[in-house]
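What follows is one structure encoded as C-alpha cells, with my remarks underneath.
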Amino acid sequence: MGPSSAPDDVLRVEHIAKRFGPVTALRDVNLHLKKGEVLGLLGDNGAGKSTLIKILAGFQKPDSGTMLLHGKPYEPKNVDDGRAKGIDTVFQDLALIDELSVYHNLYLRRERLLKPLPLLANRQMKREARKALDEIGINIPRIDVAVARLSGGQRQAIAVARTVNSDADIILLDEPLAAMGVKEGAQILDLVARLKAEGKVSIIMILHNYVQVFESCDRVSLIQQGAITLDKPTSETSVEELTQMVVSEYRRAREE
C-alpha cells in the first residue's frame, strides 16, 4: 500500500531500518498514525521501540526507509527540527535540567522574553506554567523550586506537561509511566484521554503494561526483533493475544 493511499495519516514510516555496528535495532518497520489517534507501542526490551521513537523525533537518522509527515517527506535534521515541524517527544531520560526551576524547565528552549529587552519574562512564565500544570491536573505545589528536588513521577509529569504545552501536532511518549506510582500514572493517562477527546494531537506512547494500552490507546503495534508483527485496533485484539505472541517469541528464542 503506497503512502498516498491513506490521506488521514498524519505520520507514516515505511521500511525503516537502523543498525548500530553489528546490532540491528530496526529491521523493517512500517507504521502509521492517524489524526487524533493514540497508538500504543509494545515490545520487549531491545525490540527497537526507543530507537524508533528517537528516529521519529529527529534524534537519530535511519539507515534506510522513508518517513512522511502530513503526506510530505520528513527528514528531521535534529530534535529541534523535528519539534519545529510539529513532533514533540518525552524521552525516557527526560532531558530536564536539574538545577533549573520547574517553570524554567517547562519553557526550556521556548523561553518567553520581555520585548524589546532580551530578558526572561519570568513572571509571565511562572503564571503560564502554573496554569498549564493546573489544567493537566498535576499537583506540584511550588514551581520555583529546582526539579532536582522533585520525585521521579513529578519530574515525568513536568516533561509531559512541557510537551503538551507546545504546539505539537504529534506527541511521542517513551514510557511516560516508568517512574510513576499508581496515582501519578493515572493522572498522565487521564491527560492522554483528555488530549484524545480534544482530537487536536496524535500520540504514540511506549507502554509496558498491556492493561494501560487497552485503557488508553485506539490501536496497538507490537515490535518484535526490529519489525512490527502486530498492528490492530485495541478493540480487535486482547491482552491474551499479545501475551501469546510474546510468549511464543520467548519460546523460539530459547530453542535457537
Looking only at non-hydrogen atoms, find the nearest pair between Ala227 and Arg27 and report the distance.
CB-NH2, 3.5 Å

So which atom in Arg19 and which in Asp63 form the shortest heavy-atom distance, rounded to 0.1 Å?
N-OD2, 2.7 Å

Distance-minimising heavy-atom pair for Gln60 and Thr51:
OE1-CG2, 3.7 Å

Could Asp218 and Lys34 be called an ion pair, given the rule that one side-chain N must be under 4.0 Å from one carboxylate O?
no

Working to the nearest 0.5 angstrom, can you tell me the gap between Glu14 CD and Asn30 CG?
6.5 Å

Using the rule given for side chain to side chain contact (heavy atoms under 4.5 Å, CB included), can you reason through Ile223 versus Leu52, listing the C-alpha separation, both sets of side-chain angles and the distance that settles it, and then say yes or no?
CA-CA 10 Å; Ile223 296 192; Leu52 179 58; 4.0 Å; yes

Which atoms form the tightest heavy-atom contact between Tyr74 and Gly82, and what is the distance?
OH-CA, 3.6 Å

Going from CG on Asp174 to CG on Leu207, what distance comes out if it is rounded to the nearest 0.5 angstrom?
10.0 Å

Hey, what do you get for OG (Ser216) to CG (Leu195), rounding to the nearest 0.5 Å?
11.5 Å

Less than 4.5 Å apart, side chain to side chain, heavy atoms only: is that true for Ser221 and Leu42?
no

With a 4.5 Å heavy-atom cut-off, do Arg127 and Gln124 have their side chains touching?
yes

Does some side-chain heavy atom of Val29 sit less than 4.5 Å from a side-chain heavy atom of Ile55?
no

Return the minimal non-hydrogen interatomic distance between Gly36 and Ser202, and the atom names on each side.
N-OG, 3.0 Å

For a quick test of reading the model, state the closest non-hydrogen atom pair linking Ala57 to Thr89 and the distance between them.
CB-OG1, 3.2 Å

Can you measure from CG (Leu172) to CG (Asp88) and round to the nearest 0.5 angstrom?
8.0 Å

Within this structure, what is the NZ-CE distance for the pair Lys49 and Met205, rounded to the nearest 0.5 Å?
14.0 Å

Would Val10 and Asp169 count as a side chain to side chain contact (heavy atoms under 4.5 Å, CB included) here? Give the steps.
CA-CA 9 Å; Val10 288; Asp169 302 318; over 6 Å; no

Please tell me if the side chains of Val192 and Ile203 come closer than 4.5 Å, counting only heavy atoms from C-beta onward.
yes

Would you check if the side chain of Lys61 reaches a backbone N or O of Lys77 as a donor-acceptor pair within less than 3.5 Å?
yes

Does a side-chain heavy-atom distance below 4.5 Å link Ile204 with Leu11?
yes

Pairwise side-chain contact, Leu56 with Ile170, heavy-atom cut-off 4.5 Å (strictly under)
no

With side chain to side chain contact (heavy atoms under 4.5 Å, CB included) as the test, would you mind laying out the steps for Val246 and Leu222 before giving the verdict?
CA-CA 9 Å; Val246 172; Leu222 176 66; 4.3 Å; yes

Please evaluate residues Lys232 and Glu241 with respect to the criterion side chain to side chain contact (heavy atoms under 4.5 Å, CB included), reporting the C-alpha separation (whole Å), side-chain torsions for both, the decisive distance (0.1 Å), and the verdict.
CA-CA 11 Å; Lys232 284 185 177 179; Glu241 182 179 18; 2.9 Å; yes

Got a sec, which residues hit ring-ring contact (aromatic ring centres under 6.0 Å, His included) with Phe214, two or more places apart in sequence or on another chain?
none

Within this structure, what is the CZ-CG distance for the pair Arg194 and Leu189, rounded to the nearest 0.5 Å?
12.0 Å

Do His32 and Arg219 have side chains that approach each other closer than 4.5 Å (heavy atoms only, starting at C-beta)?
yes

